[in-house]
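Here is the structure we will look at.
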Amino acid sequence: MTAATHSTLFPQVPDSADAVLEGLDPEQREVATALHGPVCVLAGAGTGKTRAITHRIAYGVRAGILQPSSVLAVTFTNRAAGEMRGRLRQLGAAGVQARTFHSAALRQLQYFWPKAVGGSMPRLVDRKVQLVADAAAACRIRLDRGELRDVTGEIEWSKVTQTVPSDYAFAAAKAGREVPRDPAEIAQVYAAYEDLKRDRAVIDFEDVLLLTVAILQDRHDIADQVRAQYQHFVVDEYQDVSPLQQRLLELWLGDRDNLCVVGDASQTIYSFTGATPDYLLDFRTRHPGATVVKLVRDYRSTPQVVHLANGLLAQAHGRAADHRLELVSQRPAGPEPAYTEYTDEPAEAEGAARRIRELLDAGIPASEIAVLFRTNAQSETYEQALADAGIPYQLRGAERFFDRPEVRKAGIALRGAARFGGNDSLLDEAVDLPSQVRAVLSGEGWTTTPPAGSGAVRERWESLAALVNLAQDFAAAQPGATLADLVAELDERAGAQHAPTVQGVTLASLHSAKGLEWDVVFLVGVAEGMMPITYAKTDEQIEEERRLLYVGVTRARSHLHVSWALARSPGGRPNRRPSRFLDGLRPGSAAAAGRAGAGAAGGIERGYSSGGGANGTGGPAAPRRTQRAPARCRVCGRTLTDAGEMKLMRCEDCPSDMDEGLYERLRDWRAVQARRSGQPAFCVFTDKTLMAIAEAAPDEEGELARIPGVGMRKLNRYGADVLAICAGQEPGREEDGD
């Protein structure tokens with residue numbers, strides 16, 4: 001290892017307190033040197049807040065003002081706490097406690113339990129769902145899987161907002177919560193749940209905070225001991241604290257004011273869990289003499305991305321909007337955000353996959369690209385599109401679509417119906433495939449109208465609705481298809497998704513993307529009904545949806561692609577409109593104007609870009625319309641809309657002239673390539689692409705390149721082998737990888 005490499009991997013510890021301050025901008029330096037009294041840091045996205053507060057702690061330690069063991073830094077995730085500890089070690093401030101609220105409280109609870117209560121501390125349960133199920137059973141209340149998760153969420157919300165069972169109904173109504181069951185029933189289950197925990201001598205994660213608060217409130221001697229240990233507190237992501245966490249923080253502090261909080265009200269996106277930005281926004285009221293520092297220099301994103309982010313917040317309303325930060329990019333100019341309107345959701349997913357392939361071919365690592373969506377139910381379309389394009393991906397913060405319990409259970413029900421459906425009166429009455437699927441899935445919880453509110457019940461319904469929609473698309477593409485045909489299709493898709501996990505493009509919901517960043521971000525499904533989501537009704541809920549989109553925009557360093565679809569499925573009614581949050585921000589829209597006329601006729605892909613050209617570089621350009629010639633069946637001439645048919649360039653039910661022997665040789669060759677590269681077979685070529693090659697039997701590169709699913713990268717990598725196989729020759733030596 002060279003000296004330069006060693007210094008990069010293992011940065012040299014600063015040799016003095018002043019050296020800790022080197023490289024900080026004026027505002028970060030102000031944070032780092034404000035070591036006395038209450039300090040409030042209002043830090044916008046990408047402004048280096050972690051850098052500022054870790055250098056603040058390190059400067060205080062190196063200057064002899066702070067003792068490492070007397071500092072407690074708290075944040076909300078183990079990842080963030082670990083990152084903070086690592087940075088503090090690099091700055092020569094090892095020994096500082098950096099923990100989550102729960103971790104810090106649990107440590108104190110375990111230490112003081114024998115003294116405060118006596119005996120052994122109750123066992124901590126990792127998951128409370130089974131306990132909630134037992135409590136519901138004791139109340140003779142039947143909860144299905146989705147309701148069980150949602151009622152569990154209501155109990156968690158009640159505890160972090162310090163709401164007791166008898167007050168639940170009133171508190172939920174006052175907070176405007178969409179409750180999954182009758183509030184009286186939830187309160188009853190909540191009370192029974194608390195009784196069960198006492199009977200079984202167990203506690204949950206919320207109890208860790210509640211019990212620590214109770215001990216510190218009741219035992220002044222223990223509170224004094226904790227306060228003697230910790231003299232200085234730092235709280236990251238302060239906009240996300242709950243009332244219970246705030247109470248614990250106040251007890252840690254006592255009557256002292258050595259507190260530094262860091263946050264951004266414009267990134268409050270977890271209010272449904274009890275988080276509130278009020279403590280951040282009211283900090284100066286509670287601490288009139290507080291030092292307030294604003295960090296607005298954005299080191300993450302280009303001026304073009306920052307301009308869009310600022311524009312989103314400029315249209316916001318409410319308390320958080322009144323305290324918004326105007327970011328100022330510190331990076332060189334980059335491409336303008338690209339805005340693309342697609343005819344339908346599959347076209348949107350395929351369009352994203354095409355652009356991602358271009359980026360990968362241009363040398364951008366797959367790990368630096370993310371596709372972000374509003375709900376986990378949207379992931380399946382993008383999983384499939386990336387798989388079809390041979391692009392490896394990873395899911396973050398969500399189960400793979402076909403791994404979700406409700407999807408697996410629905411698959412079992414559909415498979416059983418395909419085998420024994422003749423004995424089911426509901427199936428007998430169903431005249432077509434979509435009707436049969438709806439009949440089967442109605443027994444799994446699917447209804448014609450979605451359930452109110454968010455939560456697990458809504459997520460489960462969305463997953464089942466995705467299967468219903470898939471059945472409709474499948475039936476439209478293959479008239480006369482049976483339930484058994486659909487089950488085979490689902491099995492093929494599931495098999496592709498169960499492939500070994502590989503490092504690749506990140507697929508994530510907007511909520512799970514918080515705290516992360518990528519060079520390239522695709523914000524997809526940015527249409528009314530999804531952004532804001534349909535169940536966001538109140539002004540407060542709408543504004544949180546706007547903040548969620550803001551978080552998505554600020555995840556991008558350089559390239560940002562924003563898209564929406566006019567219809568759900570090919571040939572569907574194009575009645576969707578781009579999100580109201582984009583009004584006045586995307587080219588061709590006005591902030592106050594209606595969205596009439598924003599639709600597009602079938603077969604039209606409208607791409608909006610302020611940068612001109614495919615990569616969004618250059619000067620401003622007017623909105624452009626690209627007419628794409630419809631794909632037609634090479635046998636019967638019918639217009640094709642299904643992605644699989646487009647690859648074959650013929651209808652599924654039109655006669656095939658495929659060379660079966662050639663197809664089998666191509667499959668054998670693909671299996672070898674997949675083993676050598678350590679990738680799933682579909683990442684080499686999908687079955688549909690192999691069928692298209694076997695039907696066309698190309699004898700030169702130009703013919704092979706025209707087959708959908710090949711592309712320039714695969715042509716360069718696999719073209720010689722494929723053409724050799726088509727010519728009846730042995731392929732050359734396979735490559736071992738890229």
message: Can a donor-acceptor pair be found, under 3.5 Å and without considering hydrogens, that links the side chain of H511 to the backbone of I269?
response: yes
Test item: P38 and F283 side chains (from C-beta on) under 4.5 Å apart, heavy atoms: yes
- prompt: Should the pair E406-K409 be classified as a salt bridge under the 4.0 Å nitrogen-to-oxygen rule?
  reply: no
- prompt: Of the non-hydrogen atoms in A309 and T554, which two are nearest, and what is the gap between them?
  reply: CB-CG2, 3.7 Å
statement: Closest non-hydrogen contact found for A135 with L196 is N-CD1, 3.4 Å
query: Roughly how far, to the nearest 0.5 Å, is OG1 of T100 from CG of D236?
result: 12.5 Å
Non-hydrogen side-chain atoms of I203 and L109 separated by less than 4.5 Å: yes
query: Nearest 0.5 Å, what's the CG-OH distance between L259 and Y238?
result: 6.5 Å
query: What distance separates D240 CG from T268 OG1, expressed to the nearest 0.5 Å?
result: 6.0 Å
message: Donor-acceptor check, side chain of R107 to backbone of A104, threshold 3.5 angstrom: yes or no?
response: no
- prompt: Do L507 and F373 have side chains that get closer than 4.5 Å, going by heavy atoms?
  reply: yes
- line: Hits for salt bridge (Lys or Arg N to Asp or Glu O under 4.0 Å) against R227, two or more places apart or cross-chain, chain-then-number order -> D224
- prompt: Can you list every pair that meets salt bridge (Lys or Arg N to Asp or Glu O under 4.0 Å) and has a residue in residues 245-254, with sequence neighbours left out?
  reply: R247-E250
message: What verdict does the side chain to side chain contact (heavy atoms under 4.5 Å, CB included) test give for E194 and Y190, after you've listed the backbone C-alpha separation in whole Å, the side-chain angles of each residue and the deciding distance to 0.1 Å?
response: CA-CA 6 Å; E194 293 298 314; Y190 180 12; 3.6 Å; yes
- request: Check for a donor-acceptor pair, side chain of E83 on one end and backbone N or O of T50 on the other, with a separation under 3.5 Å.
  value: no
message: Is there a side-chain contact between L280 and H323 in this structure, where contact means two heavy atoms from C-beta onward sitting under 4.5 Å apart?
response: no
message: Once side chain to side chain contact (heavy atoms under 4.5 Å, CB included) is applied, do any residues pair with K115, and if so which ones, sequence neighbours excluded?
response: R219, D221, I222, Q225
- prompt: Under the salt bridge (Lys or Arg N to Asp or Glu O under 4.0 Å) test, which residues partner D144, sequence neighbours left out?
  reply: R460
message: If I take atom CD from residue Q245 and atom OH from residue Y279, how far apart are they, to the nearest 0.5 angstrom?
response: 10.0 Å
query: Just by distance, do the side chain of E206 and the backbone of E156 share a donor-acceptor pair under 3.5 Å?
result: no
query: Do the non-hydrogen side-chain atoms of F112 and V226 ever get within less than 4.5 Å of each other?
result: yes
statement: R123 meets the side chain to side chain contact (heavy atoms under 4.5 Å, CB included) criterion, sequence neighbours left out, with V125, V202
- request: Say whether, by atom type as modelled, one donor and one acceptor occur between the side chain of R555 and the main chain of V551 under 3.5 angstrom.
  value: yes
message: As a quick check of understanding, evaluate side chain to side chain contact (heavy atoms under 4.5 Å, CB included) for L464 and E444, giving each step before the final call.
response: CA-CA 8 Å; L464 296 178; E444 302 299 321; 4.3 Å; yes
- prompt: How about E544 and S271: does a side-chain donor come under 3.5 Å of a side-chain acceptor?
  reply: yes
field: Residue pair S120 / W113: nearest heavy atoms and the distance that separates them
entry: O-NE1, 3.3 Å
field: Ion pair K49/D264, N-O distance below 4.0 Å
entry: no
- prompt: Can you list the residues that meet the side chain to side chain donor-acceptor pair (under 3.5 Å) rule with Q472, with sequence neighbours excluded?
  reply: R568
- request: Could you pull out all residues at least two apart from Q378 that satisfy side chain to side chain donor-acceptor pair (under 3.5 Å)?
  value: T375
query: Are R56 and V41 side-chain neighbours, meaning at least one heavy-atom pair lies under 4.5 Å?
result: no
- request: Please tell me if the side chains of E345 and R576 come closer than 4.5 Å, counting only heavy atoms from C-beta onward.
  value: yes
message: Tell me whether K294 at atom NZ has more than 12 heavy atoms from other residues, nucleotides or ligands lying less than 6.0 Å away.
response: no
message: Taking R324's backbone N and O only, do any of them form a donor-acceptor pair with S266's side chain (distance below 3.5 Å, no angle check)?
response: no
query: Does R319 pair with D322 as a salt bridge, N-O distance under 4.0 Å?
result: no
task: Go through the structure and list residues passing side chain to side chain contact (heavy atoms under 4.5 Å, CB included) with Q110, not counting sequence neighbours.
output: L106, M121
message: If you compare all heavy atoms of V521 against all heavy atoms of G552, which two are closest, and at what distance to 0.1 Å?
response: CG1-O, 4.1 Å
- line: Output for pair (R547 CZ, L549 CG), nearest 0.5 Å, gives 12.5 Å
- prompt: Taking Y382 for the side chain and L372 for the main chain, is one N or O donor matched with an acceptor at less than 3.5 Å?
  reply: no
List the atom pairs, donor and acceptor, that lie under 3.5 Å between side-chain atoms in residues 167-177 and the rest of the protein, sequence neighbours left out.
from: Y168; atom 1: OH; to: E154; atom 2: OE1; distance (Å): 2.6
from: R177; atom 1: NE; to: E154; atom 2: OE1; distance (Å): 3.2
from: R177; atom 1: NE; to: E154; atom 2: OE2; distance (Å): 3.3
from: R177; atom 1: NH1; to: F272; atom 2: O; distance (Å): 3.1
from: R177; atom 1: NH2; to: E154; atom 2: OE2; distance (Å): 2.9
from: R177; atom 1: NH2; to: F272; atom 2: O; distance (Å): 3.2

- prompt: Would W252 and F233 count as a side chain to side chain contact (heavy atoms under 4.5 Å, CB included) if you check the C-alpha gap in whole Å, the side-chain angles of each, and the deciding distance to 0.1 Å?
  reply: CA-CA 9 Å; W252 282 340; F233 298 86; 3.6 Å; yes
field: Minimum-distance pair of heavy atoms, taken over all atoms of P165 and A187
entry: O-CB, 3.4 Å
message: I'd like to know if E545 and R580 make a salt bridge, using a cut-off of under 4.0 Å between side-chain N and carboxylate O.
response: no
message: Does M84 form a side chain to side chain contact (heavy atoms under 4.5 Å, CB included) with I53? I'd like the steps, not just the answer.
response: CA-CA 9 Å; M84 194 176 291; I53 58 177; 3.9 Å; yes
- prompt: For the residue pair A410 and L441, what are the closest heavy atoms and their distance?
  reply: CB-CD2, 3.6 Å
message: Contact between L510 and L523 at the side-chain level, heavy atoms closer than 4.5 Å - yes or no?
response: yes
field: Main-chain N/O of S509 paired with S512 side-chain donor or acceptor, under 3.5 Å
entry: yes
query: Partners of R85 by side chain to side chain contact (heavy atoms under 4.5 Å, CB included), sequence neighbours excluded?
result: A81, R89, A98
statement: The salt bridge (Lys or Arg N to Asp or Glu O under 4.0 Å) partners of D257 (sequence neighbours excluded) come to none
- prompt: Just how far is it from atom NZ of K159 to atom OH of Y193, taken to the nearest 0.5 Å?
  reply: 5.0 Å
query: Are any side-chain N or O atoms of Q231 and backbone N or O atoms of A228, one a donor and one an acceptor, separated by less than 3.5 Å?
result: yes
- prompt: Taking only residues two or more places apart in sequence or in another chain, which ones pass salt bridge (Lys or Arg N to Asp or Glu O under 4.0 Å) with R286?
  reply: none
message: The test is salt bridge (charged side-chain N to carboxylate O under 4.0 Å, His left out); show your working for R200 and D134 and say whether it passes.
response: CA-CA 12 Å; R200 299 180 184 181; D134 293 346; 3.0 Å; yes
